[in-house]
Amino acid sequence: MSDQKRLFLVDAYALIFRGYYAFIKNPRINSKGTDTSAIMGFMNSLLDVIKRERPDHLAVCFDKGGSTDRVEMYQEYKANRDETPEAIKIAVPYIYDILKAMHIPIMVKEGYEADDVIGTLSKQAEKEGYKTFMVTPDKDFAQLVSENIFMYRPVFGGGYETWGIPEVQKKFEVTDPLQVIDFLGMMGDSSDNIPGLPGVGEKTAKKFLAQYGSMENLLANTHELKGKMKEKIEANGELGILSKKLATIMLDVPVEFNEKDFEMSQPDIPKVTEIFQELEFRRLIDNFNKTFATDSETPQTNTTPSTTKATLKEQTSAGAGQFSLFGGDPSGATNTEPTSEYSRKTAETTSHFYQSIDSGIATKLFIKNLMNQTSVCFDTETTGLNPITAELVGIAFSWEVGKGFYLPFPEEKTEAQELIEQLRPFFESEAIQKIGQNLKYDIKVLAKYNIEVKGKLFDTMLAHYLINPDMRHNMDVLAETYLNYTPISIETLVGKKGKNQLSMREVPLEKQTEYAVEDSDITLQLKEHFEKELGEANTQKLFDDIEVPLLRVLAAMELEGINLDKKFLETLSGELNKDIASLETKIYETAGETFNIASPKQLGIILFEKLKLVDKPKKTKTGQYATSEDILSYLAKDHDIIQNILDYRGLTKLKSTYVDALPDQVEESTGHVHTDYMQTVAATGRLSSNNPNLQNIPIRTERGRQVRKAFIPRNEDYTLLAADYSQIELRIIAALSEEETMISAFKNGEDIHASTASKVFNVHLNEVTREQRSNAKTINFGIIYGVSAFGLSNQTNLSRSESKELIDTYYATYPKLRNFVSDQVAFARDHGYVQTVLGRRRYLKDINSRNAVVRGAAERNAVNAPIQGSAADIIKIAMINIHQKLNEGNFKTKMLLQVHDELVFDVYKPELESIKNLVKTEMEGAYKLEVPLDVDLDIGDNWLEAH
DNA sequence: TGCAATGCATA
DNA sequence: GTATGCATTGCAA
């Protein structure tokens, strides 16, 4: 860091509003009934900045009386603003008082906005050799950014980002920050009521800037524009110039930057504390003291006067001393009030004994005790949700209901590693069962500390997924449903997400302990509950043999991630951009005006009201014009604009969802993208993938499938192998229905759709037309989804009655398939559920509904769930076996992705032949059916080639 | 900022 | 007709 002097200028109202809205869901009201949200929000931000940056010069700037100059230029300026909320009006005098007590200068000038004051001061400071940081979330300030002037923006999720020239250039797609003014002038600003150029939004403004560079140059060259856009802009040139003026921050406010006045000094602590006490800001007092602790005293001793320590002591001494604690009974319960039968229990109303372990000696004793257990529940607390970057903050353990221990982790890396090393024997013990909720997460976190979790596992989330797949499985829901207990919410610890959310590390130890041990205690209790329920049917086997082993496999795949060719995607993005722009121009030309093509609402109006492409346009259920793909493609052949719109949609979707989004998901430390497989969301037993979803990477269209080229092996010694089951769902339905005709077609290795076509259309296998095959394919899939004549005619060129006829012929050809379908429905009616080959159940509560639509849906589920679910079961078995074989054989090859019926491997080239053999054998042999399973293998230097 | 509606990518 | 996840728009607090 340079030793240049640094000035921080805070945009008070912007932060006050931000703070106020952050608390809008549950405003902070103190015992006197005052809404303190705005004050709290502002102070949090201010202290945060001071703590992070330790500025040597700082001032807070306010508006006063609005901008007289701007109102003079434009009567309507900020005229549409709502009345300032009451809480904010109340806040301002308090904030003034606090700032005074903190000896922080307040800058205001009657008739000027804070923007102008900040702008003027930063330019003055720049001359004095300062680096200035404008603390504000407001994008308008970007115009002031220079080599020495930065924006310091609070960001979503906590933390700040600094915008210098490069950031502004990137964000606004400009070459000079001053062009931000043109940008704002063109697109306008609804909150300030700056009109902007009509028909120009963010996208068009950026386009114009790239082309013309400024408002003035645009207006001078309107002859180059076309159609409606040309007219509109030519007619509104003055409005554009005015908008630009309104958006310009003034740099000549009569204020003076006086170095001395802006110097930070020690605040009047008693005075500030007094105000905070009046407002009942308890945590803020702590935070404040911590921030301004003098160097001679450590923050801890100075600031946490006695509350934290005392409470801990209380807990420690509640039992009969260190030794008896680990073996003793929970007599030291903090609270034993009886619980009302009707209200939910909480930590406060339930007897419990949660203790943090605060010394090296205690840790040793604790671990000794831990190693004597046979079954332990644990829960890691970390600094974030991403296990690859998260650091351990603490681990909670429990093995007796109502009781547990919390081991906090030091922030310092080598110290943390030393502590976890002491726990290695526990985690790596084969003899001790580990219980947890969503163990995949904990396992991944620990893997980053080079700890492997061994021994039998019990994951309560997975257990509940098998017991009741249609419910959600987060711990709070489970605790409320099965234990009638409401856990401490994470939000009460770290605050609402966004703005000032704390990291777990910043939560006081006593709270961490209560929260973390409670989680592990509840998990333990849930385990005892679910253990019994799992006993039923095949659920226990499914749990022990499939889901739990799979959890380790998924953890490994996720940690591995897949290599992504960022460069390639950048190039692709550029190409898409060009094509999108040219489509845009064509569409606007036809429409005669510019509009937002991505907005179904605007598009509907253009197509059906302005261009009147159809006599009676269809409407959606919300009363809008329907502009969905199927409706538009129907019109495409008659109107060029429709085809262009469809292409436009396709390309923008491709760009925003994949080409531009994927590179941002690359994990810095590994260079790979790491998806998160959800093991407990799909009711049928499938996995799902998110952050990013790697199970829906395009493949159908030529343009889309290019994205697959970006998925590449880790280096040149590796190659990608894709292995996918051929027609697995049809094979399953053939086997389950025992339909011999279909089974023998598979046994003979026939093209199943052609085979079906030849039978239902009664032609020779060689004479099946493309259309016949395609219709047969549709109906084959239709069976899997639970056909109806209606659905079939929608999907094909067949009429409703032709469809019905086809279905009848189909069932006549495959009579046992019809039986299978009705048997599934009948089974569901009798039992209330259907099941897969492994006994995975799906409960169908609507199967006997009197509402035909609802019942129909349940019936289709009754057919589909066993098929989709059995396929899911089978690939899961294959994954577990392959993972095991790869480990046993010490292969360098890694399994990376699963896409429902496909597995993708990063194959070490010398291992290729044995891997191909291994994968094919394990996948085809995963489960024995009356129909052979068939797996296609492909290799390539990227995921597209491997197909 | 949070949410519903819409549309679209995969198996 | 089955099963998912996610980007965008537009509106509401």
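Here is the naming used below: chain letters follow the sequence lines, and residue numbers restart at 1 for every chain. Here the structure is a predicted model, which is why all the values come from computation and not from measurement.
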| message | Counting the atoms with a prime plus P, OP1 and OP2 as sugar-phosphate, which does A/Asn693 contact under 4.0 Å by heavy atoms, base, sugar-phosphate, or nothing? | response | sugar-phosphate
| task | Evaluate salt bridge (Lys or Arg N to Asp or Glu O under 4.0 Å) for A/Glu924 paired with A/Arg731, printing each intermediate quantity in order. | result | CA-CA 12 Å; A/Glu924 292 182 350; A/Arg731 286 170 200 266; over 6 Å; no
| Quick one: does A/Gln695 reach the base of B/dT10 with a side-chain donor-acceptor pair under 3.5 Å? | no
| field | Sub-4.5 Å side-chain heavy-atom contact between A/Trp943 and A/Ile562 | value | no
| query | Should A/Arg649 be listed as having a side-chain N or O under 4.0 Å from OP1 or OP2 of B/dC8? | reply | yes
| Proximity to the side chain of A/Arg860 - top-ranked nucleotide from B/dA11, C/dA7, C/dT2 | C/dT2
| note | When rounded to whole Å, the OH to C1' distance for the pair A/Tyr648 and C/dT8 reads 11 Å
| note | note: A/Phe781, atom CZ; C/dA3, atom P; distance rounded to Å ~ 16 Å
| Side chain of A/Arg686, base of B/dA11: donor and acceptor closer than 3.5 Å? | yes
| task | Indicate, with a heavy-atom threshold strictly under 4.0 Å, whether A/Ala683 touches base, sugar-phosphate, or nothing. | result | sugar-phosphate
| field | From C/dC6, C/dG5, C/dT2, nucleotide with atom closest to A/Asn691 side chain | value | C/dC6
| said: Classify A/Ser793 by what it touches in the nucleic acid, base, sugar-phosphate, or nothing, heavy-atom distance under 4.0 Å. | reply: nothing
| query | What does A/Val863 touch in the nucleic acid at a heavy-atom separation under 4.0 angstrom: a base, only the sugar-phosphate, or nothing? | reply | nothing
| task | Run through A/Ile752, A/Val931, A/Ile733 and flag the one making a side-chain contact (heavy atoms from CB on, under 4.5 Å) with A/Gln727. | result | A/Ile752
| request: Using atom CG of A/Leu944 as one end and atom P of B/dT10 as the other, report the distance to the nearest whole Å. | output: 13 Å
| task | Indicate, with a heavy-atom threshold strictly under 4.0 Å, whether A/Arg842 touches base, sugar-phosphate, or nothing. | result | sugar-phosphate
| query | What nucleotide, of C/dT2, B/dA9, B/dA11, holds the atom closest to the side chain of A/Lys653? | reply | B/dA9
| Partner residues of A/Asp938 under the side-chain hydrogen bond (donor to acceptor under 3.5 Å, both in side chains) criterion, sequence neighbours left out | none
| field | N/O (side chain, A/Ser656) to phosphate O (OP1/OP2, C/dA7) under 4.0 Å | value | no
| request: For A/Leu654, report the nucleic acid contact type (base, sugar-phosphate, nothing); a contact means any heavy atom under 4.0 Å. | output: nothing
| request: Check every strand shown and say whether A/Ile867 touches a base, only sugar-phosphate, or nothing at a heavy-atom separation below 4.0 Å. | output: nothing
